[in-house]
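Remember, it's 1-based here, ligands and their atoms both numbered in the order they're listed. Here the structure is a predicted model, which means the values were calculated and not measured.
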Amino acid sequence: MKILKFGGKSLANGEGLQKVIQTIAQKYFNNEPIAVVVSARGNATDELVILLKKAQANINFQADFEQFKKYQLEGLKENIFEEEFSVLQKLLEGVSLLGDYSDKIKDQVIAFGEILSAKYVSYVLNENSIKAQFTDSRQLIKTDINFGNAQPIDAVSKRNVLDYFEKNTDKVNIVTGFIGSTLHNETTTLGRNGSNYTASLLANYLNAEEFQNYTHVDGIFTANPDLVADAKKIERLSFNEANELANFGAQILHAKTIIPLVEKNIPLRILNTFNPENDGTLITSEQTNEGIKSLSVLTNVSLINLEGRGLLGKTGVDARIFRVMAENDISVSIISQGSSERGIGLVVNSDKASKALVGLEKEFENDFYTKDVNKISVNDNIAVISIIGQDLTNFHKPYTALIRNKITPILLNNTVTGRNISLIISQDEFKRALNVIHGEIFGVAKKINIAIFGHGTVGGTLISQILESAKNIEKRKGIKLNVFAIANSKKVLFNKFGISENWKATLEDKGQDYKVEDVIAYAKEHHLENLIAIDNTASSTFIENYISLAENSFDLISSNKVANTVSYDFYKKLRKVLKDNQKEYLYETNVGAGLPLIDTIKLLHLSGENITKIKGVFSGTLSYLFNNFSVENKKFSEVLQEAIDKGFTEPDPREDLNGNDVGRKLLILARELDLQNEFEEIQIQNLIPEPLREGSATDFLKRLSELDGIYQNIKDAQGPNEVLRYIGELSGDLHQDKGKLEVKLISVPANSALGSLKGSDSIFEIYTESYGEQPIVIQGAGAGASVTARGVFGDILRLSEKKL
Ligand code: ASP
Ligand code: MG
């Protein structure tokens with residue numbers, strides 16, 4: 001036999017009720033042996049409680065009662081409840097007259113919720129040619145006299161149930177949940193939500209094959225789907241795990257209800273009345289692979305904090321606190337006490353918080369006076385997130401995820417034996433916190449939320465690259481790249497679900513004016529986690545925003561070199577902010593575009609390898625210029641014109657020829673080695689003769705031939721088999737605060753590493769103590785939009801992996 005239990009929402013008028021009848025009918029006509037336990041329909045129990053309270057307060061309850069009756073009769077052809085309604089009417093009138101009621105009377109009144117429900121369902125089933133019979137559980141379940149929360153007397157109840165079901169086999173028994181009676185036949189109830197308990201008792205007594213609990217949700221989820229969009233249904237749970245969930249506010253069966261099932265090893269299935277296709281969550285005694293199962297949240301709670309430095313070492317303080325709680329009937333869900341300075345935090349239901357505060361203030365009045373207690377406060381602005389199934393071995397993962405997202409829990413709490421940890425989080429942050437923890441624990445894909453500033457050649461290419469590879473990366477790496485903002489110097493386009501292919505047109509159409517603060521606010525408002533801001537601008541002012549971005553949970557990536565080459569003061573300040581906020585800043589493309597140069601130098605330096613010198617051709621443009629000029633029989637201006645025509649130079653080629661860009665790259669590498677040089681300290685050989693440095697770009701472009709003589713002379717003055725290279729070189733004693741930074745045109749043997757450079761490639765020679773005379777050489781395309789964008793992409797992946 002299977003026990004089916006239907007909850008109040010399933011039994012509400014309309015769709016639910018129809019589905020309930022269908023479900024029962026299907027099993028009935030399949031000859032499946034079943035018994036059905038029902039709750040009160042809709043909100044009947046609550047409504048009856050309200051009627052009682054009105055009657056007690058001598059407020060006219062009649063209109064409410066008529067409403068109640070109308071609802072209960074809806075869909076019936078005749079009034080089958082005349083008797084019940086008349087008893088209820090009398091009970092309410094009696095309460096109204098006395099101005100009071102006992103728990104016993106209350107049980108009598110609210111019992112009607114289940115009685116009406118079971119009668120209703122039986123009646124409708126019979127109308128649908130299903131032989132069903134109303135079964136009053138008060139005849140079966142015998143309890144003690146603890147009205148409102150009665151405990152069944154097992155031996156008697158079991159005998160009654162077995163007797164009854166033995167004699168009543170030809171009809172489907174529709175049993176009232178929740179209610180029982182004392183040995184003197186006085187009506188009792190088993191505590192709110194008690195119908196589940198009735199059903200699990202029946203399952204136990206009757207040795208049922210399964211307990212099917214029909215609710216209005218698909219089963220148990222990893223988190224409340226209303227709060228976490230990615231929440232997933234849990235297919236299987238063990239009774240132990242279900243128990244933990246129940247204790248932490250998850251809307252499933254209470255421990256008391258699970259015990260009869262565990263005893264007889266009866267599987268429990270949570271099903272959805274409204275979605276019969278779904279096979280729900282199955283709970284059995286079988287231990288599933290242990291691990292974190294679910295996150296639950298308590299929101300209507302407050303944190304009471306009592307601080308008393310003078311109480312250190314005093315005994316009996318906790319007892320006094322808890323006596324206050326007990327006297328005021330306040331249940332404490334979380335307790336946390338520090339051992340050094342005497343401070344104790346208690347979590348209680350918000351509606352009891354002020355009562356607790358008043359009680360404590362009274363209790364500790366004297367201790368205030370003697371200054372032993374200095375503060376008792378209530379914080380209503382909190383929520384409790386419990387990670388169920390979490391023990392301390394892996395707790396660092398969700399915890400660091402929170403910290404990385406700038407959410408610091410107010411209090412932590414775990415149990416010694418149970419596997420769960422509760423975090424008290426500020427109310428304003430709990431949704432984001434829940435999503436961060438959920439993503440960390442259950443996320444198939446880790447979502448990385450990206451804001452891209454600048455969509456010129458590099459930025460634009462990067463966006464295309466991300467859109468192209470996102471699917472693949474999600475599949476292979478479990479990282480979901482979500483670009484939620486794209487901005488240029490004036491406008492921003494937001495989409496928390498991620499921008500798509502047509503972003504350019506949309507940005508033009510729908511882009512809005514913005515400040516960087518708006519991007520920060522957007523991320524906050526939509527609870528976006530794992531934030532990265534990417535600077536693909538060439539702006540010298542945008543870098544000011546790095547500070548506030550880092551302070552607001554963004555990691556940073558830039559292809560823009562400015563932040564690393566302005567004053568050493570700013571460089572230091574930015575690093576400090578990053579460190580204080582546990583944020584990263586990656587800029588692999590600042591030097592040598594996508595080549596893994598900075599990463600290599602960082603690693604070498606970090607591992608204690610002594611870098612003694614770095615030397616190389618850092619500029620793709622100047623690489624092309626001298627590689628070709630050195631070996632071809634062409635005028636300097638001719639080769640320069642080729643470079644211009646191929647788009648290798650800046651619009652004004654003097655920005656390449658003045659050597660500043662090479663200088664900046666050299667400075668970035670030097671600072672990687674903790675050298676504190678400033679840009680002004682770099683000795684840069686400017687390739688533009690003085691007379692050509694001033695004036696417009698157009699003017700300069702007309703006078704290129706004036707360079708020919710100078711460079712022809714230099715070329716001719718070289719030794720045999722030598723070629724020209726424009727290099728950056730970092731040397732000196734690199735243990736000092738500052739190194740020697742030079743940018744210069746030199747001659748090198750044509751067969752050396754530098755001398756054999758081709759095309760517009762860059763080359764970097766890194767000399768270190770262990771590697772001796774032979775440098776580590778990194779060589780390849782060191783410029784161009786697509787390799788630079790790839791390099792930025794690489795930084796995104798580096799950062800994302802750190803977040804796993
Ligand atoms: N009708 C009762 C209540 O609302 C019992 C139940 O629904 O399980 O608490
Ligand atoms: Mg690089």
Notebook entry, point to check: K233 pairs by side-chain hydrogen bond (donor to acceptor under 3.5 Å, both in side chains) with which of N272, D218, N278?
Noted result: N278
Notebook entry, point to check: In terms of side-chain heavy atoms, does T143 have a donor or acceptor partner in T188 at a distance below 3.5 Å?
Noted result: yes
Margin query: Given 3.5 Å as the limit, does a donor-acceptor pair link the side chain of N435 with the main chain of L227, or not?
Written below: yes
Next item on the list: Mind telling me whether F65 and F61 have parallel, tilted or perpendicular rings, with 30° and 60° as the class edges?
Entry: perpendicular
Note to self: When you compare the side chain of L411 with that of I334, does any pair of heavy atoms fall below 4.5 Å?
What the structure shows: no
Checklist line | T198 side chain to F178 backbone, donor-acceptor under 3.5 Å | finding: yes
Next item on the list: Would you check ligand 1 and list the protein residues that come within less than 4.0 Å of it by any heavy atom, ordered by chain and number?
Entry: S39, A40, T45, E114, F178, R192, N193, G194, S195
